[in-house]
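Below is one structure; the comments refer to it alone.
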2 protein chains.
Amino acid sequence: MRAPNPAGSRHLPLADTSSREGLVGAIESCGEGCGCNSKSVSAEVAAAERELANALMPPAMGGGDEDKLLQVGDVAKVSGKTVRAIHHYEELGLLQPHARSKGRYRLYDTGAVARVRWINKMHDLGLSLPQIQEIVRAWESASSAPSAMAKIRSTYQRKLEETRAQIAHMQSLERELQASIRYLDTCDACDPAEIVQACSSCHVHESEEKQPDLVAGIHGGAQRTLIKAAAAG
Amino acid sequence: MRAPNPAGSRHLPLADTSSREGLVGAIESCGEGCGCNSKSVSAEVAAAERELANALMPPAMGGGDEDKLLQVGDVAKVSGKTVRAIHHYEELGLLQPHARSKGRYRLYDTGAVARVRWINKMHDLGLSLPQIQEIVRAWESASSAPSAMAKIRSTYQRKLEETRAQIAHMQSLERELQASIRYLDTCDACDPAEIVQACSSCHVHESEEKQPDLVAGIHGGAQRTLIKAAAAG
DNA sequence: TCTTACCCTTACGTGTACGTGAGGGTTGAG
DNA sequence: CTCAACCCTCACGTACACGTAAGGGTAAGA
């Protein structure tokens, strides 16, 4: 398994991490088919997952487990993160290798993959890595299991409410996008020779209710006209 | 209006910006009642908005407009951002003051408020400020208004799809949070003297389907048990 | 043994969105 | 005129989540 390109693709692109997060951010490997994007990467991940599943469990083998350990690159591939990210999680105390090889290679059990997936989801839920670190620390230093779980549970409860608020907010953004697109549809009626500065005195859209924020914000001072009209009326 | 505490509250807290964005991020002033959070701040904003509306339009005044200009602090208050943020947007070319006072104070028209709101929403839609800058540049340097609008429209179209995918993703997170909370409910049955390391050999939840990722990721190697079971079966 | 694809640690760099003074001038009610 | 509350322009600082070498060792098929 150290020969050139053992079974899959090395140097997978990992999708450009360049774009920012905002509220509509970069999702990678949702895992379940939630209807979200990330096609190419999750395909890669699925392939990697199958490949490693075979590597971990050769056919006709009962079920030993202590010896089936992953290298950091394997964990990275399966979880859709980079090796550097895995290292970074370790620096923050979010993840520890199960063991080290003689040559100091990190060796992970499959629980590490679950952990990385968990980190990803917690991150998607709006927690920073230091915040996740806090949760892990609290968990690890807890004296009672059920009370530690209760703490986690209440964190999840809070996050559930935040997530719902977030969904509502994004749905309002969705509606505003729709309204804006509808509004801009009528720009077809505009003379192509018209210049953008003329938009502030445009009368093409007068049948529409009112400019959505996503339209009003485009022109520098188009809002003034509306205020004048309101004051005059 | 320069006397101590003219009508409102100076030094409003602005809610802690400390928490990160992720996918479930910090929303401030949604504007419309979308059911999202941000109570205290939006109340402040609403108050500031009324106050400034009065300041801009004293009762019994027709409708001049060129002279009703806002200072940067006013724009900040109404839009729920900081003065520094407004300055920052100007540095990036996203926003220009309509004029300057003799003492070089920035003076904005109400279109600036619309612009800041627009920037906020574009940001919430996942665009970075440099990306928004691109859009503004393209708009301002466009020769034809309808074609420039078509460009904006297609951007909104893309963003609409991304937003929908994003909503779907967050809904899947919501479901997983619910499932995890349900799962953790049964931890009540656990002995309070139990230690967290014992969770990996816990049998309290065996009636449940399968650990959600948000549960499996908490214990370091709890996933191993499941894999062994699957291999044995 | 050789070779290639991995892996190690250390450490500085990057992009985003502002925060936070420092040092000093401006506005306008009283 | 005074004085509190604004505002100005630099310009360095910060938190986050890694990216990106540099310099060197390791694992295992052929």
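Every chain is numbered from 1 and lettered A, B, ... according to where its sequence line falls, protein lines coming before strand lines.
Looking at the side chain of Y105(B), the nearest of the listed nucleotides dT26(D), dC18(D), dC8(D) is dC8(D). Closest to the side chain of L129(A), out of dC7(D), dC8(C), dA17(D), is dA17(D). Counting only heavy atoms from C-beta on, S101(A) has its side chain closest to dA27(D) among dA27(D), dC18(C), dT27(C). Proximity note for K81(B) (side chain, C-beta onward) versus dC18(C), dT9(D), dT26(D): the nearest is dC18(C). Looking at the side chain of T82(A), the nearest of the listed nucleotides dA17(C), dC7(D), dC18(D) is dC18(D). Here dT27(C) is the nucleotide among dT27(C), dC18(D), dC7(D) with the atom lying nearest to any side-chain atom of K102(B). Among the nucleotides dC8(D), dC18(C), dC18(D), the one closest to the side chain of H88(A) is dC18(D). Distances from the side chain of Y89(B) to the nucleotides dC18(C), dC18(D), dA17(C) place dC18(C) closest. For V72(B), counting side-chain heavy atoms from C-beta on, the closest listed nucleotide (dC7(D), dC18(C), dC18(D)) is dC7(D).
Spacing between atom CG of L92(A) and atom C1' of dA15(D) amounts to 12 Å, rounded to whole angstrom units. One atom, CG of L70(A), and another, C1' of dA27(D), lie 16 Å apart when rounded to the nearest Å. With rounding to whole Å, L95(B) atom CG is found 15 Å from dA17(C) atom C1'. To the nearest angstrom, C1' of dA5(D) lies 10 Å from CD of Q71(B). Put simply, CZ on R84(A) is 11 Å from C1' on dT9(C), counting in whole angstrom units. We find that CD of E91(A) is positioned 9 Å from C1' of dC18(D), with the value rounded to whole Å. Atom CZ of R100(A) and atom P of dG25(D) are 17 Å apart (whole Å). The nearest whole Å value for the distance from the CG atom in D74(A) to the P atom in dA28(D) is 11 Å.
In this structure, the side chains of Y108(B) and V75(B) come closer than 4.5 Å at one or more pairs of heavy atoms. Proximity of V215(A) to I152(B): side-chain heavy atoms (C-beta onward) are nowhere separated by under 4.5 Å.
Nearest-nucleotide mapping onto DNA chain C: of G103(B) and P130(B), the residue sitting toward the 5' end is P130(B).
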Exercise for the section: Mind running salt bridge (charged side-chain N to carboxylate O under 4.0 Å, His left out) on E134(B) and R137(B) for me, showing each step along the way? Expected result: CA-CA 5 Å; E134(B) 276 302 297; R137(B) 265 210 285 263; 2.9 Å; yes
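Note on H87(B): a side-chain N or O is less than 4.0 Å away from OP1 or OP2 of dC8(D). An OP1 or OP2 oxygen of dA17(C) is reached within less than 4.0 angstrom by a side-chain nitrogen or oxygen of H123(B). Contact between the side-chain N/O atoms of R106(B) and the OP1/OP2 oxygens of dC8(D) is found at a separation under 4.0 Å.
With hydrogens and angles ignored, no donor-acceptor pair under 3.5 angstrom links the side chain of R104(A) to the base of dT9(C).
Remark: the H219(B) side chain and the R115(A) side chain contain no N/O donor-acceptor pair separated by less than 3.5 Å. Looking at Q157(B) and R153(B), their side chains do bring a donor and an acceptor atom within 3.5 Å of each other.
Salt bridge absent: E176(B) and K159(A) never bring a charged side-chain N and a carboxylate O closer than 4.0 Å.
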